[in-house]
Q: 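Sharing a structure with you now.
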Amino acid sequence: MDINRYRPSYGIEQKHITKLADYTTEEIFEILYATQAMKAKFLAHESTCILQGTTVALLFGDTSLRTRSALEIGIRQLGGVCVNLPYNEKDMQAGENIKDIVNVVSRYGVGALITRHIRQSDLEEYCAVSPVSIINSENSEYNPLQALCDLYTVWEKKGKLDGLKIAYVGKSSNTAVSLIMGAIKCGMEVAVSTPKQFEMKPVYLTRAEQYGKIYVTENPAEAVKDADIVYTDNYNYHNAISDKDKQILLPYQVNNDLMSLAKHNAMFMHPLPASRGVEVTADVIDGKLSAVLEQGENKLHLLKAVLALLIK
């Protein structure tokens, strides 16, 4: 389906977002068009106080810089109020649980609960009973908001999605899982190259392959050949890898030699934070083909769009 031929209604029936497998291509397009509208209003300095009188709660189980900043700033720009709920794994193990949290804070007038580092099985259980929207900003399995932000950035920079080739190389990650699902639902050609020690779980590939073909190879050069977008992720974020693992991943480093195998105007993408000299060289991530700053910028507009669509 061609996103440029789609006519958005600027509304979706979904109440929650925990993974992109739950979303149709049309619903993904609705979010991307809403992101485009939010960014246009932002650049035109137009007021978008559609969350006036609404409180959005953040329940983060680990640290965050760009996502938390974009959420707090975006909620304020939409006229809402953002509150941070204290989260401690010891409290959860002692009997506290999200179901109780959601049902109580909803009585405080909270319109949505945005989580981070909460187990997917728990999120899905609580979505079934939550009176308010639950939005998964990231957990160990999925990173749906980052993937949506990346799809918007590709559309903005390349002018289309359908027919483009995106190559993910390096260590598999939650971002990679969400990215390939979103990309293939939008009609993109997907190639994945990881070493066997860090390959994507077959269940994630099988789910995504319901919507199209994914080329999987241990050879990064084969994956990147003629790609429109080359994507990698951080190897050391939260959990540092050993020197041995770094050597295993070294052939997957995105450098100028690897980028030269992609199309001449190929775009490099990375969700940040990045370890320059590890998964990507500085001359690539800081070079003219890099879209990482646009990805970071667009996260603000994507998050605002998701909140506007999901909070009823």
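Quick note: residue numbers are just sequence positions, from 1. Below, each value reflects all heavy atoms present in this structure, side chains not excepted, and no hydrogens, waters or symmetry copies.
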Q: What's the separation between atom SG in Cys127 and atom CD1 in Ile134, rounded to the nearest 0.5 Å?
A: 4.0 Å
Q: Does the side chain of Gln14 come within less than 4.5 Å of His16's, by heavy atoms?
A: no
Q: Please assess Arg207 against Val203 for the test side-chain contact (heavy atoms from CB on, under 4.5 Å), listing each intermediate value before the final yes or no.
A: CA-CA 6 Å; Arg207 288 174 186 168; Val203 63; 3.7 Å; yes
Q: Going through the distances and angles, do Ile241 and Lys246 end up as a side-chain contact (heavy atoms from CB on, under 4.5 Å)?
A: CA-CA 7 Å; Ile241 62 172; Lys246 286 182 181 179; 3.6 Å; yes
Q: Do Val292 and Met269 come close enough that some side-chain heavy atom pair is under 4.5 Å?
A: no
Q: Going by side-chain hydrogen bond (donor to acceptor under 3.5 Å, both in side chains), name the pairs with one or both residues in residues 269-281, residues two or more places apart or in two chains.
A: Asn234-Ser275, His270-Glu279, Arg276-Asp286, Thr281-Asp283
Q: Check whether any side-chain heavy atom of Leu71 sits under 4.5 Å from a side-chain heavy atom of Lys299, and report yes or no.
A: no
Q: Is there a chain of hydrophobic side chains (I, L, V, M, F, W, Y, each step under 4.5 Å between heavy atoms) that links Ile311 to Tyr108?
A: no
Q: More than 12 foreign heavy atoms under 6.0 Å from CZ of Arg119: is that the case here?
A: no
Q: Which is it for Gln295 and Asp150 under the side-chain contact (heavy atoms from CB on, under 4.5 Å) test, yes or no, and what are the steps along the way?
A: CA-CA 6 Å; Gln295 289 173 265; Asp150 296 332; 2.7 Å; yes
Q: Can you tell me how far apart OG1 (Thr35) and CG (Leu151) are? Round to the nearest 0.5 Å.
A: 10.0 Å
Q: Can you name the nearest heavy-atom pair linking Met1 to Thr25, along with the distance?
A: SD-CG2, 4.2 Å
Q: So, for Ala167 and Ala223, which heavy atoms are closest and what is the spacing to 0.1 Å?
A: CB-O, 3.4 Å
Q: Going through the checks in order, is the salt bridge (charged side-chain N to carboxylate O under 4.0 Å, His left out) test met by Asp226 and Lys263?
A: CA-CA 5 Å; Asp226 296 326; Lys263 290 184 179 177; over 6 Å; no
Q: With a distance cut-off below 6.0 Å to the six-membered ring centre and an angular limit of 45° from the axis, does Lys185 pair with Tyr211 as a cation-pi contact?
A: yes
Q: List the steps, then state whether side-chain hydrogen bond (donor to acceptor under 3.5 Å, both in side chains) holds for Glu199 with Thr194.
A: CA-CA 5 Å; Glu199 65 185 2; Thr194 62; 5.6 Å; no
Q: Run the ring-ring contact (aromatic ring centres under 6.0 Å, His included) test against Phe42 and tell me which residues pass, sequence neighbours left out.
A: His301
Q: Partners of Tyr204 by side chain to side chain donor-acceptor pair (under 3.5 Å), sequence neighbours excluded?
A: Glu141
Q: Any pair with a residue in residues 38-54 that passes salt bridge (charged side-chain N to carboxylate O under 4.0 Å, His left out), sequence neighbours left out, goes on the list, sorted by first then second residue, please.
A: Lys39-Glu156, Lys39-Glu297, Lys41-Glu46
Q: Take Asn143 and Ser178 through the test side-chain hydrogen bond (donor to acceptor under 3.5 Å, both in side chains) and record every step on the way to the result.
A: CA-CA 6 Å; Asn143 196 352; Ser178 293; over 6 Å; no
Q: Look up atom CE in Met200 and atom CG in Leu205, then write down how far apart they are to the nearest 0.5 Å.
A: 5.5 Å
Q: Considering residues at least two apart in sequence or located in another chain, which fulfil the salt bridge (Lys or Arg N to Asp or Glu O under 4.0 Å) criterion with Glu189?
A: none
Q: Identify each donor-acceptor pair in which a side-chain atom of residues 247-254 lies under 3.5 Å from a protein atom, sequence neighbours left out, and give them as a table.
A:
unit_1, atom_1, unit_2, atom_2, d
Tyr252, OH, Glu218, O, 2.5
Gln253, NE2, Gly277, O, 3.2
Gln253, NE2, Val278, O, 3.1

Q: Taking only residues two or more places apart in sequence or in another chain, which ones pass side-chain contact (heavy atoms from CB on, under 4.5 Å) with Ala57?
A: Val83, Leu85, Val110, Leu113
Q: What is the minimum heavy-atom distance between Ser130 and Val102, and which atoms define it?
A: OG-CG1, 2.9 Å
Q: How would you list, by chain and number, every residue that makes a side chain to side chain donor-acceptor pair (under 3.5 Å) with Gln36, sequence neighbours excluded?
A: none
Q: For Val190 versus Val192, what's the shortest heavy-atom pair and its separation?
A: CG1-CG2, 4.1 Å
Q: Measure the shortest side-chain to side-chain distance between Leu300 and Met38 over non-hydrogen atoms and say whether it is less than 4.5 angstrom.
A: no
Q: When you compare the side chain of Ile285 with that of Phe268, does any pair of heavy atoms fall below 4.5 Å?
A: yes
Q: Among all residues two or more places apart in sequence or in another chain, which pass the side chain to side chain donor-acceptor pair (under 3.5 Å) test with Glu72?
A: Asn84
Q: Give the minimum heavy-atom separation between Ser69 and Leu65, together with the two atoms involved.
A: OG-O, 2.7 Å
Q: Do Pro144 and Thr18 come within less than 4.5 Å of each other through their side chains, counting heavy atoms only?
A: no
Q: If you measure from OH on Tyr126 to OG on Ser121, what distance do you get to the nearest 0.5 Å?
A: 8.0 Å
Q: For residues 159-172, which residue pairs pass the side-chain hydrogen bond (donor to acceptor under 3.5 Å, both in side chains) check, not counting sequence neighbours?
A: Tyr168-Ser173
Q: Do you know which two heavy atoms are closest between Leu289 and Ala266, and how far apart they sit?
A: CD2-O, 3.3 Å
Q: Is there side-chain contact between Leu310 and Ile135, with at least one heavy-atom pair below 4.5 Å?
A: yes
Q: Would you please name every residue forming a side chain to side chain donor-acceptor pair (under 3.5 Å) with Glu30, sequence neighbours left out?
A: Tyr6, Ser9
Q: Please round to the nearest 0.5 Å and tell me the distance separating atom CG of Asn136 and atom CG of Leu145.
A: 7.0 Å
Q: Holding to ring-ring contact (aromatic ring centres under 6.0 Å, His included), I want the full list of residues that pass it with Tyr33, two or more places apart in sequence or in another chain.
A: Trp155
Q: Does some side-chain heavy atom of Ile3 sit less than 4.5 Å from a side-chain heavy atom of Cys186?
A: no
Q: Give a yes or no answer on whether the side chain of Thr55 reaches the backbone of Val81 with a donor-acceptor pair at less than 3.5 Å.
A: no
Q: If you count every heavy atom of other residues, nucleotides or ligands that lies below 6.0 Å from Glu13 atom CD, does the total exceed 12?
A: no
Q: Where do Lys304 and Ile50 land on the side-chain contact (heavy atoms from CB on, under 4.5 Å) test, with the steps shown first?
A: CA-CA 10 Å; Lys304 290 166 66 175; Ile50 58 177; over 6 Å; no
Q: Run the salt-bridge test on Lys157 and Glu294 with the 4.0 Å N-O cut-off and return the result as yes or no.
A: yes
Q: Pick out which of Ile118, Asp62, Leu123, Asn174 makes a side-chain contact (heavy atoms from CB on, under 4.5 Å) with Asn139.
A: Leu123
Q: Taking Ser193 for its side chain and Val169 for its backbone only, find out whether a donor-acceptor pair lies under 3.5 Å.
A: no
Q: If we ignore hydrogens and angles and just use 3.5 Å, is the side chain of Ser290 paired with the main-chain N or O of Gly287 as donor and acceptor?
A: no
Q: Say you draw a straight line from CG of Leu302 to CG of Leu32; how long is it, rounded to the nearest 0.5 Å?
A: 7.5 Å
